[in-house]
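Here the structure is laid out as structure tokens; the discussion comes afterwards.
This structure is a prediction, so every number in the text was calculated from the model and none was measured. Residue numbers start from 1 in every chain, and the chains themselves are labelled A, B, ... in the order their sequence lines are given, proteins ahead of strands.
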Amino acid sequence: MIKRTSCNFSIEQICESGQCFRMTRIEENKYAVVAQGKYLELEQKEEEIIFHCSEDEYTHVWERYFDFNTDYKQFIESVTNKDEYLYRAVQFGKGIRILEQDIWEIIISFIISQQNNIKRIRKCIETLCETYGEKKYTAEGKLYYDFPTVSALANATEEELRACNLGYRSKYIVNTANSIKRNEVDLESLKCMSYRAARETLMRLSGIGEKVADCICLFSLHHLDTFPVDTHIRKVLEQYYPKGFPYDTYMGYNGIIQQYIFYYDLKGGDR
DNA sequence: ATACAGGTCTTAA
DNA sequence: TTAAGACCTGTA
């Protein structure tokens, strides 16, 4: 059990910000996440965060996963009330972090996310993991399911995947899984590419367009300047930034700014 | 009932 | 190059 303190870190906000679909609240101030093949429970009281894992696992897995060594204060303070809407959005969601998640899991998760709502995305992914993922137990005997491997999904048929209520996305998933299995797109080399190259490469995969590719770049490849434009962001841009969003002002971290906006539009009740 | 959810693909001009 | 239209499913 590891205790850490950090400002501008809210597990609740990270959980609700729609970038990780396998993090859930299990009690008041207590959350669980399955990632990197592991199950982690964590609690938060004020600025104190308790990780229920070994020191070794914390430093090798979760510190990086939660982007714990990046100081988000600089980003938050760069947004002044000269931009009233953005200031409200950032103040509302300033506990959000951009996670660094597994590339394969994020590819499949955000193919599923298209034309879908977050509640159903979670349900689809849960079903997919229970059907095709490895069954595991924690040291305390808690059951959880890994995210399915590339082979597990490549070997499934479109009809079988449709049984997980994935709808028309089933075909995209089978195609993409097979492309990756055949190494037509190499996941490791994606990690070394520039944003432009990675995005272009990702878009060769079935079911991945500009928006999903951007989500993968932001939530997995950690290209923090990536600004995915979905239906929420599009509406905000039309209403508050009819002359264009000031990307230059937030050079290098537009993706973080995007996530504050997304979360505020989703949960903030503004507009 | 009809519209909409963190869009993409196909087809046609 | 751009613009319809189709596409699974659950919820309001």
(request) Would you mind reading off the distance between A/I121 atom CD1 and C/dG10 atom C1', rounded to a whole angstrom? (result) 12 Å
(message) Without decimals, in angstroms, what is the distance between A/K235 NZ and B/dG6 P?
(response) 9 Å
(request) Tell which nucleotide pairs with C/dC8, taking only Watson-Crick or G-U wobble pairs whose two distances are both under 3.5 angstrom. (result) none
(message) I'd like to check, for A/F110, whether its ring lies over the base of B/dG6 with centroids under 5.5 Å apart and a plane angle smaller than 30°.
(response) no
(request) Within residues 211-230 of chain A, find the residues that approach DNA chain C with a heavy atom at under 4.0 Å, and present them sorted by residue number. (result) none
(request) Can you label the angle between the A/Y85 ring and the A/Y264 ring as parallel, tilted or perpendicular, going by 30° and 60°? (result) tilted
(message) Base, sugar-phosphate or nothing for A/S17? Non-hydrogen atoms, less than 4.0 Å.
(response) base
(message) Centroid separation under 6.0 Å, is that true for the rings of A/F75 and A/Y260?
(response) no
(message) Ring centroids only, cut at 6.0 angstrom: are A/F227 and A/F262 within range, meaning strictly under it?
(response) no
(request) Using atom CG of A/N117 as one end and atom C1' of B/dG7 as the other, report the distance to the nearest whole Å. (result) 14 Å
(message) Can you measure A/I112 atom CD1 to B/dA5 atom C1' for me and round it to whole angstrom units?
(response) 15 Å
(request) Please report, rounded to the nearest Å, how far the P atom of B/dT8 is from the CD atom of A/E210. (result) 8 Å
(request) Please name the pair of heavy atoms, one in A/L161 and one in A/Y132, separated by the smallest distance, quoted to 0.1 Å. (result) CD2-CE1, 3.7 Å
(request) For the pair A/R25 and A/E12, find out whether any cationic side-chain nitrogen is under 4.0 Å from an anionic carboxylate oxygen. (result) no
(request) Please state the P separation for the pair C/dA6 and B/dT2 - nearest whole angstrom. (result) 15 Å
(request) Using the six-membered ring wherever Trp is involved, compare the ring planes of A/W62 and A/F66 and label them parallel, tilted or perpendicular (cut-offs 30° and 60°). (result) tilted
(request) Could you tell me whether A/G207 contacts a base, only the sugar-phosphate backbone, or nothing, with contacts defined as non-hydrogen atoms closer than 4.0 Å? (result) sugar-phosphate
(request) Give a yes or no answer on whether the side chain of A/Q101 reaches the backbone of A/Q19 with a donor-acceptor pair at less than 3.5 Å. (result) yes
(request) Using the C1' atom as the reference point in each nucleotide, state the distance between C/dG10 and B/dA1 in Å, no decimals. (result) 15 Å
(message) Here's a test of your reading of the structure: between A/M203 and A/Q258, which maps to the more 5' nucleotide of DNA chain B?
(response) A/Q258
(request) Take the protein atom CD of A/Q115 and the nucleotide atom P of B/dT8, then report the distance between them rounded to whole Å. (result) 10 Å
(message) A cation-pi test, strictly: NZ or CZ of A/R4 under 6.0 Å from the centre of the six-membered ring of A/F68 and no more than 45 degrees from its axis. Yes or no?
(response) no
(request) Considering only NZ, NE, NH1 and NH2 on the basic side and carboxylate oxygens on the acidic side, decide whether A/R162 and A/E159 come within less than 4.0 Å. (result) no
(message) So, applying side chain to side chain contact (heavy atoms under 4.5 Å, CB included) with A/Y195, which one of A/L218, A/L224, A/D214 is it?
(response) A/D214
(message) Does this structure show an ion pair linking A/R182 with A/E184, if we count only N-O contacts that are shorter than 4.0 Å?
(response) yes
(request) In whole angstrom, give the distance that lies between atom CZ of A/R234 and atom C1' of B/dA5. (result) 14 Å
(request) Scan residues 153-178 of chain A against DNA chain C and write down, sorted by residue number, each residue with any heavy atom closer than 4.0 Å; if none is found, say none. (result) A/R162, A/N165, A/G167, A/Y168, A/R169
(message) Need to verify one output field. Residue with the more 5' nearest nucleotide on DNA chain B, A/N116 or A/S206?
(response) A/N116
(message) Can you check the distance between C/dC7 and B/dG6, where both ends of the measurement are the P atom (answer in whole Å)?
(response) 22 Å
(request) Would you state whether a donor and an acceptor, one from the side chain of A/R120 and one from the base of B/dC4, lie under 3.5 Å apart? (result) no
(request) Considering just the side-chain nitrogens and oxygens of A/T231, establish if one lies under 4.0 Å of OP1 or OP2 belonging to B/dA5. (result) yes
(message) What's the gap between C/dC8 and B/dT11 when it is taken at their P atoms, as a whole Å value?
(response) 15 Å
(message) Classify A/I208 by what it touches in the nucleic acid, base, sugar-phosphate, or nothing, heavy-atom distance under 4.0 Å.
(response) sugar-phosphate
(request) Calculate the interatomic distance between A/L202 atom CG and B/dC9 atom P; express it in whole Å. (result) 12 Å
